[in-house]
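To start, the structure itself, in structure tokens.
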Amino acid sequence: MRPVVPTYCLIQGCYNPEFEAEIEKTKKICCKYNQICPTERKALNDILKELLGKMGEECYITPPFWCDYGYNIEVGDYFYSNHNMIITDGAKVKFGDNVFVAPNCCFTTAEHAIDPEQRKAGVEIAKPITIGNNVWIGAGSTILAGVTIGDNSIIGAGSVVTKDIPSGVIAVGVPCRVQREITEQDKYKYPMHESLRDNKPITY
């Protein structure tokens, strides 16, 4: 039976045999996943279906990938993450549809106690993370416990997201702050390939 991790209250997170047994089991699955060639999509998906709490259509997580429990992670349709995604999922981590995660990103629901004696005793707290639809997380970003990122937003590379980010914005920095809204003009920021102008798929 899976242990229930209460959120928004201090728990005995470290030095807890029940949690440690679950994490050990998950690390073995992640290790197996990370030994598979990234081009072996079916073999990778078979493991993800076993590991994750929910997995949508056309999802791909590029190895290596590490998490603590797996079953606290929900991934929507057309999810993609590049190499080295880490999710410490003591609480729920939920991704919407069409989410892109660049290399070396970390999503951590865990916070240790502020009081040093509690922290030394292994007391911690877990807060859920929610990522909306059509979100792009830039390379090397860290999303901290309790954060929600709204639909259609972009998190710039190297950001540390400590607070909620609204929908439809570009946010960047340490700590991450909103820079501006995404507008219709952003469709024209880069030159358009001729195949897109003709409504044809791009070919290389």
**Q.** Over 12 non-hydrogen atoms of neighbours within 6.0 angstrom of NZ in Lys27
**A.** yes
Q) Around Tyr80, counting heavy atoms of other residues, nucleotides and ligands shown, do more than 12 lie under 6.0 Å from its OH? A) yes
(Q) With side chain to side chain donor-acceptor pair (under 3.5 Å) as the rule and sequence neighbours excluded, what pairs involving residues 152-177 come up? (A) Asn134-Asn152
When you measure from the side chain of [X] to the backbone N and O of [Y], does any donor-acceptor pair fall under 3.5 Å?
X: Thr109; Y: Pro128; result: no
X: Asn133; Y: Asp151; result: no
X: Asn104; Y: Ala139; result: no

Close side-chain approach of [X] to [Y], heavy-atom, < 4.5 Å:
X: Gln12; Y: Val123; result: yes
X: Ile170; Y: Ile182; result: yes
X: Val101; Y: Phe79; result: yes
X: Val161; Y: Ile137; result: no
X: Asn72; Y: Cys67; result: no
X: Thr26; Y: Asp68; result: no

Q) Which residues pass the salt bridge (charged side-chain N to carboxylate O under 4.0 Å, His left out) test with Glu181, sequence neighbours left out? A) none
Q.
Suppose we screen for salt bridge (charged side-chain N to carboxylate O under 4.0 Å, His left out). Which residues come up paired with Asp186, at least two apart in sequence or across chains?
A. Arg180
Minimum heavy-atom distance [X]-[Y], with the two atoms named:
X: Ile155; Y: Ser141; value: CG2-OG, 4.0 Å
X: Glu57; Y: Asp77; value: N-OD1, 2.7 Å
X: Cys30; Y: Trp66; value: CB-CE3, 3.5 Å
X: Gln118; Y: Ala113; value: CB-CB, 3.6 Å
X: Val135; Y: Gly150; value: CG2-O, 3.2 Å
X: Glu124; Y: Glu111; value: CB-O, 3.2 Å

Can you measure from [atom1] ([X]) to [atom2] ([Y]) and round to the nearest 0.5 angstrom?
X: Asn34; Y: Ile29; atom1: CG; atom2: CD1; value: 12.0 Å
X: Asp46; Y: Glu40; atom1: CG; atom2: CD; value: 11.0 Å
X: Leu10; Y: Arg119; atom1: CG; atom2: CZ; value: 12.0 Å
X: Glu58; Y: Asn45; atom1: CD; atom2: CG; value: 8.0 Å
X: Ile143; Y: Ile129; atom1: CD1; atom2: CD1; value: 7.0 Å

Do [X] and [Y] share a hydrophobic cluster, counting only Ile, Leu, Val, Met, Phe, Trp and Tyr and linking them when any side-chain heavy atoms are less than 4.5 Å apart?
X: Tyr71; Y: Ile86; value: no
X: Val147; Y: Val172; value: no
X: Tyr60; Y: Val99; value: yes

Q | Pairs where residues 100-159 contributes a residue and the test ring-ring contact (aromatic ring centres under 6.0 Å, His included) is met, not counting sequence neighbours | A | Phe95-Phe107
Q) Less than 4.0 Å between a side-chain N and a carboxylate O, is that true for Lys25 and Glu22? A) yes
Q: Only counting residues at least two apart or in another chain, list the ones meeting side-chain contact (heavy atoms from CB on, under 4.5 Å) with Tyr33.
A: Leu44, Ile47, Leu48, Ile61, Pro63, Phe65
Q | Test applied, side chain to side chain contact (heavy atoms under 4.5 Å, CB included); reference residue, Asn84; option that passes from Pro64, Cys106, Cys105 | A | Pro64
**Q.** Fellow cluster residues of Leu144, listed by chain then number, with links counted only when side-chain atoms sit under 4.5 Å apart
**A.** Val160, Val174
Q. When you look at Asp89 and Tyr69, which way does the side chain to side chain contact (heavy atoms under 4.5 Å, CB included) test go after all the steps?
A. CA-CA 6 Å; Asp89 56 314; Tyr69 299 96; 3.4 Å; yes
